[in-house]
Amino acid sequence: MQLVGSTTEQFVYVASKDRRFNINELLIIQGGKHGDIKGEVVATASFNRYIPMAGEKNGFVDRDTLEFMKQVGFSIEDESTHLAKVRILDMLTSPAEVGSSVRLPEFAEIRELLVKRGPSEGLTLGAIMGTEEVSKGMPEELENIAYLYERDRGILPQSGVPFIFDYKAMSEYPHIGIFGGSGSGKSFGLRVILEELMKKKIPTVVFDPHFEMEFGNAMDGIPDGFAEDFGGCYEIFTAGKDVGIDFTELTQEDLVNILRASGGSISESMENAARTLYKNKDTFTTFRDRLIDLADALDMGRDRIFRGMKDDTEDRAKLAGYLGLIDAYGNAVPYSGTVKAILWRLNNVARENMFQYNIQPILKAIGSRKTCVVRGSSLWVLTVFASYLIKNLYGRRRKYRDSEFSGEKAEKFPPFVVATDEAHNFAPRASQSPAKDVIREIAQEGRKYGVFLILATQRPALLDDTVTAQLNTKIIFRTVRSVDIATIKEETDISPDEANRLPYMASGSAFISSAVTGRTTAVRIRAAKTVSPHAVNPFEELERDYETEDSRLKQVILKETPVYLGNLKSVMEAAKEETGMVFTREDILQAVDDLVASGRAKRERTPLGEMITEARS
Ligand SMILES: Nc1ncnc2c1ncn2[C@@H]1O[C@H](COP(=O)(O)OP(=O)(O)O)[C@@H](O)[C@H]1O
Ligand SMILES: [Mg+2]
């Protein structure tokens with residue numbers, strides 16, 4: 001193997017007559033004034049007399065390089081020749097010397113580059129691609145810790161050097177993003193990360209929109225030494241079933257946030273009214289009754305109330321109460337419509353039994369360093385609860401940390417991780433979402449307080465860009481859509497060669513671009529030790545993998561809920577984006593009818609027109 005053709009400080013070409021290059025393998029370029037230089041194969045090509053000059057045609061290598069190769073004895077026309085484009089991993093001040101010989105490294109030479117931390121100090125996420133050969137000289141502690149998986153063959157032995165993520169470095173380079181198209185391996189990868197976090201007993205809250213985050217079922221055929229029991233490491237909570245929002249603990253701010261969460265944006269008059277009408281220590285019932293009475297009173301008006309009191313036709317005490325309410329609030333809140341709009345939103349939340357529980361069970365689990373899997377009866381319920389929960393937990397942690405400096409008293413609260421799939425629903429780029437503000441805040445300031453995000457999404461282009469920019473480690477699986485590839489190129493340091501490979505990557509293979517390692521590493525994510533309870537249900541698989549156009553439209557509609565029939569623009573856009581097809585208003589109304597008829601969606605009349613929400617059976 002030898003260096004050929006034009007070289008720069010960043011890239012060189014290496015040619016060989018007899019050895020095929022593997023993508024991502026590491027090479028040592030010898031000699032010259034630089035000493036040994038480490039490089040990584042980022043693209044390969046082979047040509048022979050049956051595919052003459054294939055390299056030149058596909059633009060892989062330039063004419064000068066081919067010319068040089070001929071001069072140094074490669075007979076490109078007759079013999080097979082292998083070429084690799086190699087990225088230099090060391091800092092060079094001048095180009096490497098052409099003609100230098102190239103060899104494979106010993107493990108010891110590249111250990112520092114590949115494994116900065118041992119398995120006890122990091123998260124073992126997979127095997128580094130292209131390190132199969134060099135891993136033969138690896139110490140025992142790095143063996144058999146990252147078994148691999150293949151859908152048709154099951155568990156496979158580890159091959160290659162393990163990728164061990166130095167999670168403690170997140171205190172400097174916080175937050176992880178997991179990107180990739182549908183079926184590329186995100187959920188599987190998130191599961192692997194969560195397994196590792198559980199092993200390290202790092203308190204974690206994971207939102208589980210697809211009901212797939214359970215860790216009780218071992219993966220089929222998993223070897224004894226690799227299997228693990230996560231029984232005591234996690235708990236599952238469902239909003240409106242065992243956890244919820246403690247109304248008596250709310251601040252004005254929380255209340256406004258919940259109102260906002262329950263129906264998109266809110267008007268200024270609604271916000272002011274909510275702040276005026278809310279009293280400290282209100283229960284849901286006392287607050288709701290005050291609103292109902294005030295709306296009634298405003299509808300009646302002073303005159304009718306006075307008349308009623310004089311004629312003695314109606315309950316005097318009640319009317320006196322009404323007058324009191326109008327005296328107290330009538331100036332600040334003159335219209336019953338505002339009050340009714342607040343009531344309607346609150347009732348939506350209350351109907352999900354959200355105000356009947358609190359978050360004590362979650363606080364307890366976090367305090368004992370567990371992973372909390374949080375679910376909701378619909379994505380809407382989950383996002384409303386998530387926004388409240390994340391704010392609350394983050395607030396506690398901040399208060400505690402700040403108290404250490406200010407000397408004020410605050411309850412002890414540990415650092416923690418917030419993880420979610422479908423992150424673009426929680427922090428969307430273009431629209432408002434209940435949890436977006438707090439996720440942004442954590443993205444920007446969480447590091448200071450030891451609060452970290454792990455956000456998975458199949459649509460990085462739809463994730464809030466302030467948040468994306470703060471994800472210091474990005475795990476990028478197969479991505480086909482060009483808008484998403486463009487976002488990934490912009491937001492990571494992956495090279496054009498790597499970006500070109502993105503649409504063709506196997507499920508479970510990813511580029512990990514990280515400020516922690518300072519470079520991009522191609523990794524095959526390890527076999528998960530556990531499986532989602534869904535993984536085996538063929539009917540689920542049918543729903544997920546074999547969609548008709550019609551059902552894809554329905555899924556888009558459900559994903560977009562709450563949908564107002566008066567404004568279908570965003571549904572139309574989402575449907576086009578998701579399916580590549582244009583749907584008319586009639587198509588969408590038809591699909592909505594079907595969804596309602598089959599019980600998958602609910603129709604409601606609201607002050608903003610008819611609203612469709614997702615129903616869960
Ligand atoms: N690390 C992996 N190794 C091998 N196969 C994988 C891996 N990750 C995912 N797969 C395969 O791809 C399928 C889809 O993965 P999944 O994580 O559900 O995709 P996504 O969440 O991105 O839609 C899995 O059922 C599995 O067969
Ligand atoms: Mg998934």
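Residue numbers count from 1 along this sequence. Atoms within a ligand are numbered from 1 in the order they appear, just like the ligands themselves. Small disclaimer: the values here were computed from a predicted structure and weren't measured.
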Practice task
Determine the interplanar angle of the F215 and F230 rings, folded into 0 to 90°, and report it as parallel if under 30°, tilted if 30 to 60°, perpendicular if over 60°.
Solution key: perpendicular
Problem - T492-S513 side chain donor-acceptor pair, cut-off 3.5 Å - result: no
Practice task
Answer yes or no: does atom NZ of K489 have more than 12 heavy-atom neighbours from other residues, nucleotides or ligands under 6.0 Å?
Solution key: no
Exercise for the section: Please confirm whether E150 comes within less than 3.5 Å of ligand 1 when only nitrogen or oxygen atoms on both sides are compared. Expected result: no
Problem - Proximal atoms of ligand 1 relative to G181 (non-hydrogen, under 4.0 Å) - result: 22 (O)
Exercise for the section: Please identify which atoms of ligand 1 are closer than 4.0 Å to at least one heavy atom of G183. Expected result: 12 (O), 14 (C), 19 (O), 20 (P), 22 (O), 23 (O)
Handout entry: Ring centers of F477, F511 separated by less than 6.0 Å
Key = no
Exercise for the section: For S182, take its heavy atoms, then give the atoms of ligand 1 lying under 4.0 Å from any of them. Expected result: 23 (O)
Problem - Closest heavy-atom pair and its distance - P562, T613 - result: CB-CG2, 4.1 Å
Exercise for the section: Determine whether the side chains of R191 and T530 contain a donor N or O and an acceptor N or O closer than 3.5 Å. Expected result: yes
Practice task
With the Mg ion (ligand 2) as the centre, enumerate protein N/O/S atoms below 2.8 Å in chain and residue order.
Solution key: S187 OG
Problem - Flag if over 12 foreign heavy atoms under 6.0 Å of NZ, K116 - result: yes
Problem - Over 12 foreign heavy atoms within 6.0 Å of CG, D465 - result: yes
Handout entry: Proximal ligand 1 atoms for G508, defined as those under 4.0 Å from one of its heavy atoms
Key = 1 (N), 2 (C), 7 (C), 8 (N)
Practice task
For ligand 1, find out whether one of its N or O atoms is nearer than 3.5 Å to an N or O atom of D421.
Solution key: no
Handout entry: ring-ring contact (aromatic ring centres under 6.0 Å, His included) between F207 and F385, intermediate numbers included
Key = CA-CA 10 Å; F207 297 99; F385 182 64; 7.5 Å; no
